[in-house]
Amino acid sequence: MGEIPKKQMAMVIQKTGGPVEYKEIDVPTPGANEVLINIKYSGVCHTDLHAVNGDWPLPTKLPLVGGHEGAGVVVAKGDLVQDIEIGEHAGVKWINGSCLACDFCQQSDEPLCPKATLSGYTVDGTFQQYCVANAAHVARLHKDIPLDAVAPVLCAGITVYKGLKESGARPGQTVAIVGAGGGLGSLAQQYAKAMGLRTIAIDAGDEKKKMCLEQLGSYAFIDFTKSENVAKDVQAATEDGLGPHAVILVATAEKPFQQAAEYVRPRGTVVFIGLPAGAYVRAPVFESVVKMITIRASYVGNRKDTSEALDFYRRGVIKCPFKTVGLSELQSVYDLMHKGEIAGRYVVDTSK
Ligand code: 8ID
Ligand code: ZN
Ligand code: ZN
């Protein structure tokens with residue numbers, strides 16, 4: 001293991017609204033219960049763009065190093081850390097740390113911990129070469145897992161795997177993935193397939209259509225920019241015309257959240273995961289009642305969801321397209337993301 005440098009390169013947001021700047025900063029020192037991870041690759045999640053734009057009702061720290069899908073190698077650890085060794089591979093995810101003592105942490109609902117720290121939001125994240133995280137929360141990555149391809153699993157993968165479980169959909173049933181062409185959506189199709197579910201993909205454009213149908217396993221694609229009636233088209237794509245058993249909402253616009261209750265199957269479940277800025281939801285009370293639908297929400301996953309999602313990945317049943325660029329090019333990724341032009345995920349290489 002080489003010496004840990006004092007300085008490193010990072011992408012830093014000085015003020016809300018951006019831009020992100022590629023600059024040299026200090027390498028942080030891990031606390032007693034933390035590890036220092038040499039981040040090799042980090043996925044770029046739409047949450048990182050929300051953090052730059054400051055469009056959520058939760059302020060970020062400033063200046064901020066964003067990023068929360070970081071995969072790398074443990075290079076240092078605090079005195080209290082016993083179950084992870086220097087040289088092992090590990091991942092930094094959205095939940096950087098939590099108290100492990102509150103009502104929620106006691107029940108392994110650590111994303112709900114009032115003291116949870118959030119990577120790349122309330123604490124510095126993975127768009128830097130060396131990142132600290134609470135040892136109890138870092139994802140353990142087996143050495144046979146490629147660090148670039150697994151990076152998007154550390155937020156997008158865990159989140160959609162958890163959301164699919166929360167939907168209650170059972171093998172053989174049909175799930176609509178709304179925002180299917182994006183980072184969360186593409187992984188959602190792969191996890192759904194691995195869980196024995198059939199998927200209808202909803203998004204826009206021929207590139208995303210091709211990816212969803214040919215690479216990710218969906219049997220139908222509905223282009224929301226071309227469809228005259230999305231609800232009708234989604235229902236028509238199910239065998240008996242009664243709609244999908246569950247809807248996984250990972251879009252970054254409000255409108256699809258308003259539509260889902262209309263087309264979900266009677267007894268079906270709508271799961272909110274995407275976090276469009278300032279969005280509210282209306283659902284028709286009459287149809288919701290007479291169809292006995294469930295509307296619920298899902299927020300990342302706990303440590304067990306993390307290890308399960310990674311285990312699916314390790315077994316080779318989750319394959320998602322991604323493109324790699326240098327860390328210094330992060331702004332260009334945000335520009336494409338803002339325009340909705342990313343099919344799948346971008347991963348940044350912190351060495352460039
Ligand atoms: O724990 C959580 N709940 C969690 C975890 C991680 C991320 C929530 N998120 C949130 C992010 O903050 C973001 O708001 O999930 C959302 C999606 O993140 P992402 O997958 O990283 O975003 P993306 O890659 O930009 O994909 C969004 C897709 O939505 C499509 C876009 O075309 C894009 O492909 N989309 C939109 I905008 N409007 C749509 C519509 N009406 C739509 N797809 C279908 N119908
Ligand atoms: Zn994320
Ligand atoms: Zn707690």
query = Between N302 and S108, does a side chain to side chain donor-acceptor pair (under 3.5 Å) hold up when you go through it step by step?
reply = CA-CA 6 Å; N302 64 17; S108 306; 4.8 Å; no
task = Answer yes or no: is there a donor N or O on one side and an acceptor on the other, between the side chain of T117 and the main chain of G97, under 3.5 Å?
result = yes
ask   = Could you give the distance from CG (D305) to OG (S298), rounded to the nearest 0.5 Å?
value = 8.0 Å
query = Charged N to carboxylate O under 4.0 angstrom, E85 versus K77?
reply = yes
key: Inter- and intrachain pairs under salt bridge (charged side-chain N to carboxylate O under 4.0 Å, His left out), touching residues 136-148, at least two apart   = D83-R140, D144-R314
message = What's the separation between atom OG1 in T199 and atom CG in L216, rounded to the nearest 0.5 Å?
response = 8.0 Å
ask   = How long is the gap from CD1 on I200 to CD on Q189, to the nearest 0.5 Å?
value = 11.0 Å
key: K352 bridged to D349 by N-O distance under 4.0 Å   = yes
query = Does a salt bridge link D124 with K61, judged by any charged N lying under 4.0 Å from a carboxylate O?
reply = yes
inquiry  = Do L118 and L58 have side chains that approach each other closer than 4.5 Å (heavy atoms only, starting at C-beta)?
reply    = yes
request  = Decide whether V123 and L36 are clustered together by the hydrophobic rule: side chain heavy atoms of Ile, Leu, Val, Met, Phe, Trp, Tyr closer than 4.5 Å, transitively.
outcome  = no
message = The criterion is salt bridge (Lys or Arg N to Asp or Glu O under 4.0 Å); which residues satisfy it with R170, sequence neighbours excluded?
response = none
Show which side-chain atoms of residues 130-138 pair as donor or acceptor with protein atoms under 3.5 Å away, not counting sequence neighbours.
residue, atom, partner, partner atom, Å
N134, OD1, A136, N, 3.0
H137, NE2, S98, N, 3.3
H137, NE2, S98, OG, 3.0

In a table with atom names and distances, give each donor-acceptor pair under 3.5 Å that connects a side chain of residues 275-290 to protein atoms at least two apart or in another chain.
residue, atom, partner, partner atom, Å
S288, OG, P284, O, 2.6

key: Hphob cluster co-occupancy, M211 + I318, side-chain heavy atoms under 4.5 angstrom   = no
inquiry  = For the residue pair R315 and Y313, would you count it as a cation-pi contact if the rule is NZ or CZ under 6.0 angstrom from the ring centre and within 45 degrees of the ring axis?
reply    = no
Reported CD1-to-CE distance for the pair I25 and M11, which is rounded to 0.5 angstrom = 11.5 Å
task = Return yes if a side-chain donor-acceptor contact under 3.5 Å exists between T350 and Q129, otherwise no.
result = no
query = Any side-chain heavy atom of V153 sitting closer than 4.5 Å to one from F312?
reply = no
query = Can you hop from V247 to F221 via hydrophobic side chains spaced under 4.5 Å?
reply = no
Any Y161 side-chain heavy atom under 4.5 Å of M195 side chain = yes
Partner residues of P114 under the side-chain contact (heavy atoms from CB on, under 4.5 Å) criterion, sequence neighbours left out = C102, F104
request  = Measure the shortest side-chain to side-chain distance between T174 and L197 over non-hydrogen atoms and say whether it is less than 4.5 angstrom.
outcome  = no
Pairwise salt bridge (charged side-chain N to carboxylate O under 4.0 Å, His left out) hits with a residue in residues 293-302, at least two apart = E166-R296
Please tabulate, for the side chains in residues 321-333, all donor-acceptor contacts under 3.5 angstrom to protein atoms that are two or more places apart in sequence or on a different chain.
residue, atom, partner, partner atom, Å
E329, OE2, G326, N, 3.3
Q331, NE2, D335, OD1, 3.0
S332, OG, E329, O, 2.6

Residues which pass salt bridge (Lys or Arg N to Asp or Glu O under 4.0 Å) with K7, listed by chain and number, not counting sequence neighbours = D26
task = Provide the full list of salt bridge (charged side-chain N to carboxylate O under 4.0 Å, His left out) pairs with a residue in residues 93-107, sequence neighbours left out, each pair given once.
result = none
inquiry  = Rounded at 0.5 Å granularity, tell me how far CG in L242 sits from CZ in R265.
reply    = 5.0 Å
key: Plane angle bin for W94 and H68 - parallel if under 30°, tilted between 30 and 60°, otherwise perpendicular   = perpendicular
key: Spacing of I39 atom CD1 and S351 atom OG [to the nearest 0.5 Å]   = 13.0 Å
ask   = Residues in side-chain contact (heavy atoms from CB on, under 4.5 Å) with P63, at least two apart?
value = V12, Q14
By ring-ring contact (aromatic ring centres under 6.0 Å, His included) - contacts of Y334 (at least two apart) = none
query = Pairs in or reaching into residues 33-54: which pass salt bridge (charged side-chain N to carboxylate O under 4.0 Å, His left out), with residues at least two apart or in two chains?
reply = none
message = What I'd like to find out is whether the side chain of D79 reaches to under 4.5 Å of the side chain of V81, using heavy atoms alone.
response = no
